[in-house]
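Before any comments, here is the structure.
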Amino acid sequence: MATSFTTPEEDRVINDAFREVLDGYLASNHRKKVEIIERAFNFAKEAHKGIRRRSGEPYILHPIAVAKIASQEIGLGSTSICAALLHDVVEDTDYTVEDIEQNFGKKIAQIVAGLTKISGGIFGDKASAQAENFRKLLLTMSEDIRVVLIKMADRLHNMRTLGSMAPNKQYKIAGETLYIYAPLAHRLGLFAIKTELENLSFKYEHPDAFRRISEQIAASEASRADVFEDFSAPIRRRLDQMGLKYSAKARVKSVYSIWNKMQTKHIPFEEVYDLYAARIIFECDDPAQEKSLCWQIYSAITDIYRLHPDRTRDWISIPKANGYQALHLTVMGPDGNWIEVQIRSRRMDEIAEKGFAAHWKYKVGEGDEESELNVWLHTIKDILNDPEPNALDFLDTLKLNLFASEIVVFTPKGELLTLPKDSTVLDVAFNLHTQIGSHCIAGKVNHRLVPLSQKLNSGDQVEVLTSQSQQPKPEWVEFLATAKGKTRLRQVLRKLHQPAITAGRLTFEKFLLDNGIKDDNIAITKVMGLFKAANREELYYLLGNEEIILNDYVVKILKKESSKTKRLLLKLIGMGGKEEPKEEEAPKPAEINRKETYILRYDEDGNTNFRFSDCCCPLPGDDVLGFIEDNGEVTVHTLDCPRAAMLKASFGPRILSTRWEVNGGRFMAHIRIEGIDRHGILHELISLISTHLSLDIRALDIRTEKEVFHCDLSLLVSDADGLNDLCAKVRRIQGVQSAARIR
């Protein structure tokens, strides 16, 4: 941010932008509290006076834009608009939360305090402050949902203006958005915001793929419109005969969703058949009639087109946990492709696009839709109350809830539980109560006896069987899919292990004292590494349980001094300061400029300034980022690597923007080939690779079953373009159906 005062032209732009916020608010059905909004605007404008964003525009335009999104795209009222206008005042200026409270009242001050970013964090210097920020945000969210909704608006505007940031910052913010904020928006029912956040993140992480898919969508628009017109014409005629007031339109998949499908299915754009879905939105003034009308429209459509029997989804009788309601069916279109049809009322559509959280308690009072959100908010609070979460474990645990595909099960009394896919009997037990989970021995699913590890399906009736003699076991964590279950199990195990942990801590402290070793973080970190303990508690537990012992070798490791220290001692006692053997002194890593693009160099002799990650096996030419390890080494990950997504969200400042500069070298790659078996196809395949393309095959595994073959091939290639070229050539062999790179 830079400082300079605004010009008359900029003042006009600022006032026009604020007028748009006010006009939108006045057009809504909120109570008209204009005076406090104008006061908040003037307060924020004065506070941010002379401050500019990195793009060069006056800073006040950012809070105005956030207020506009909160009001007009999410549907919030005057309290939220004021909080949005003031959300950066406490962090970026000399004003305090007390100043906000004095001028605008306690509620707005509380929301602003919740939105104010936190510096540092409880996870230590090397972990990301973002994890701690997010933890605090969600704790506040469980008290006032508006905090997270305004945070969503803030993140959305930051993503819309990300072009002015440095490349490494773009990677960090886009990765963080895709890893945390997009799934959170989905969980809260903010579908439109979730889609835009995903698309914008994808645009900055994979600009070429984003541009290519966008162009392909635009190029196929005319033919898609013709197909939809043919498909929808008979449906429109039938709905008109029924006297319904409705709109029918085609909803195209987002660019990110299309790319995701292409990656997971290993298919080109042309084979993404569910590129769009038909959506029918009908008007209905009486909510009691909505369900009946949905099924009448369903009946009309299935009279015209053939129904896919396994792809009907009734989200009306049992809404999703984020409040989503609609009736989905899939029918065979006139062109022979399956087309999904979504049937919903105008009210359901509003909730699906903007999120029912926008109406929660502040507009319509608390109803059934909100009760599910309340349950989720309590679950989040339950997770966050775990006193010692590791930063990365915390984010992964949280994502169990955010990303989960859901199932619905019933207790014997008919109580409905919404759980993530792959939940087990043990998940249900811990969901009901910590004590029930701790003493669970088995379950009855649909009156059939099953083990506590039994995975559940939607519609199952689940009874939990317990025994007071049962004790929870550490291996139970493998049977749990819910974040709540894992957190509660950890808390119970911690209580059970406490005597051993206390004994182990005393043993460790006595060991250090007896051997004259300083009790500090360095000592315990070395011992944890030696015994591969994940944290202090695990080390103390192993010691207290006598599973490990501290001996002379541990003393030697802890007393081992660096060569630098030894040389200093030699000089002090007059032994000439002779050089110690080189192997003890690790070369100091070069200082890396994190703001500039890092050049990835590799020559024919294998000299390099980076290391390939094992998790995603990148190749020169791939879209990659660099990550600075603790030892200063740069590890390269592909941008779509799940591990990289977690690193971007948790260790953002250590992410590097990169560019390849590779001269020579061969790198291991793997492709999977599938097709129809025929005589001579293997010879043709091997001949193409080894003779015509001069590639070095390292492993070949081919299996045939009922005239179909599957081939996994490992070979050395020079770069990603070479591998893509190989796949294209292999696909041209008669009988080959697909050839795609696998990681």
Side-chain angles (χ1 to χ4, degrees), residues 24 27-30 72-73 75 189-192 195 221-253 273-320 322-356 358-359 363-365 367-370 372 408:
S28 72
N29 60 351
H30 287 282
Q72 295 173 28
E73 296 185 46
L190 302 167
F191 180 79
T195 303
E221 187 175 355
S223 60
R224 205 168 53 244
D226 291 341
V227 171
F228 180 71
E229 188 55 40
D230 291 344
F231 172 77
S232 63
I235 296 174
R236 289 176 191 272
R237 284 196 293 272
R238 183 66 62 88
L239 298 184
D240 289 341
Q241 290 169 8
M242 292 165 64
L244 290 175
K245 194 177 176 184
Y246 67 93
S247 64
K249 57 186 179 183
R251 180 196 64 83
V252 182
K253 262 183 181 291
Y273 292 123
D274 58 342
L275 199 60
Y276 72 94
R279 184 174 291 164
I280 295 169
I281 302 163
F282 61 89
E283 306 293 342
C284 179
D285 296 330
D286 182 5
Q289 295 296 314
E290 288 177 344
K291 185 175 179 181
S292 171
L293 283 171
C294 280
W295 286 106
Q296 286 177 40
I297 295 169
Y298 171 93
S299 179
I301 294 169
T302 51
D303 285 346
I304 301 167
Y305 294 114
R306 184 157 64 88
L307 177 72
H308 191 303
D310 300 325
R311 287 170 65 178
T312 298
R313 299 287 180 268
D314 177 9
W315 300 116
I316 302 170
S317 304
I318 303 174
K320 287 187 180 182
N322 62 11
Y324 178 84
Q325 283 184 288
L327 182 58
H328 292 196
L329 65 151
T330 302
V331 294
M332 179 70 78
D335 62 346
N337 286 320
W338 294 106
I339 296 176
E340 184 182 68
V341 184
Q342 302 167 354
I343 305 168
R344 44 169 98 154
S345 68
R346 181 68 60 190
R347 180 190 66 84
M348 294 174 190
D349 187 60
E350 175 84 5
I351 287 169
E353 292 301 312
K354 285 190 175 179
F356 71 90
H359 308 281
K363 285 175 75 176
V364 294
D368 291 338
E369 293 159 0
E370 289 77 30
E372 277 292 350
V408 175

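If you're wondering where the values come from, they're calculated on a predicted model, not measured in any experiment.
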Taking all heavy atoms of [X] and all of [Y], pick out the closest pair and write down the distance.
{"X": "Ile339", "Y": "Tyr276", "result": "CD1-OH, 3.4 Å"}
{"X": "Arg306", "Y": "Trp338", "result": "O-CZ3, 3.8 Å"}
{"X": "Asp314", "Y": "Ile316", "result": "OD1-N, 3.0 Å"}
{"X": "His308", "Y": "Thr312", "result": "O-OG1, 4.1 Å"}

Take Ile304 and Val331 through the test side chain to side chain contact (heavy atoms under 4.5 Å, CB included) and record every step on the way to the result.
CA-CA 9 Å; Ile304 301 167; Val331 294; over 6 Å; no

Give a yes or no on this: more than 12 heavy atoms of other residues, nucleotides or ligands lie within 6.0 Å of atom CG of Asp286.
yes

Would one find more than 12 heavy atoms of other residues, nucleotides or ligands at under 6.0 Å from atom CD of Glu221?
no

Using the side chain to side chain contact (heavy atoms under 4.5 Å, CB included) definition, which of the options Asp349, Leu244, Leu327, Leu239 pairs with Ile280?
Leu239

Reported [atom1]-to-[atom2] distance for the pair [X] and [Y], which is rounded to 0.5 angstrom:
{"X": "Leu293", "Y": "Met242", "atom1": "CG", "atom2": "CE", "value": "7.0 Å"}
{"X": "Glu283", "Y": "Ser247", "atom1": "CD", "atom2": "OG", "value": "7.0 Å"}
{"X": "Gln325", "Y": "Ile343", "atom1": "CD", "atom2": "CD1", "value": "14.0 Å"}
{"X": "Cys284", "Y": "Arg346", "atom1": "SG", "atom2": "CZ", "value": "12.0 Å"}
{"X": "Glu350", "Y": "Ile281", "atom1": "CD", "atom2": "CD1", "value": "10.5 Å"}

List the residues meeting side chain to side chain donor-acceptor pair (under 3.5 Å) with Lys291, not counting sequence neighbours, and say none if there are none.
Ser317

Identify, with sequence neighbours excluded, every residue that meets side chain to side chain donor-acceptor pair (under 3.5 Å) alongside Glu290.
Ser345, Arg347

Please tabulate, for side-chain N and O atoms in residues 225-238, each donor-acceptor pair with protein atoms closer than 3.5 Å (sequence neighbours left out).
from   : atom 1 : to     : atom 2 : distance (Å)
Ser232 : OG     : Phe228 : O      : 2.9
Arg236 : NH2    : Ala248 : O      : 3.2

Run the side chain to side chain contact (heavy atoms under 4.5 Å, CB included) check on Arg279 and Arg344 step by step: do they pass?
CA-CA 8 Å; Arg279 184 174 291 164; Arg344 44 169 98 154; 3.6 Å; yes

With sequence neighbours left out, what residues match Glu340 under salt bridge (charged side-chain N to carboxylate O under 4.0 Å, His left out)?
none

So side chain to side chain donor-acceptor pair (under 3.5 Å) across residues 292-305, not counting sequence neighbours, yields Ser292-Gln296

With sequence neighbours left out, write down each residue that passes ring-ring contact (aromatic ring centres under 6.0 Å, His included) with Phe282, or none if nothing qualifies.
none

Trace of the side chain to side chain contact (heavy atoms under 4.5 Å, CB included) decision for Trp315 with Gln342:
CA-CA 10 Å; Trp315 300 116; Gln342 302 167 354; over 6 Å; no

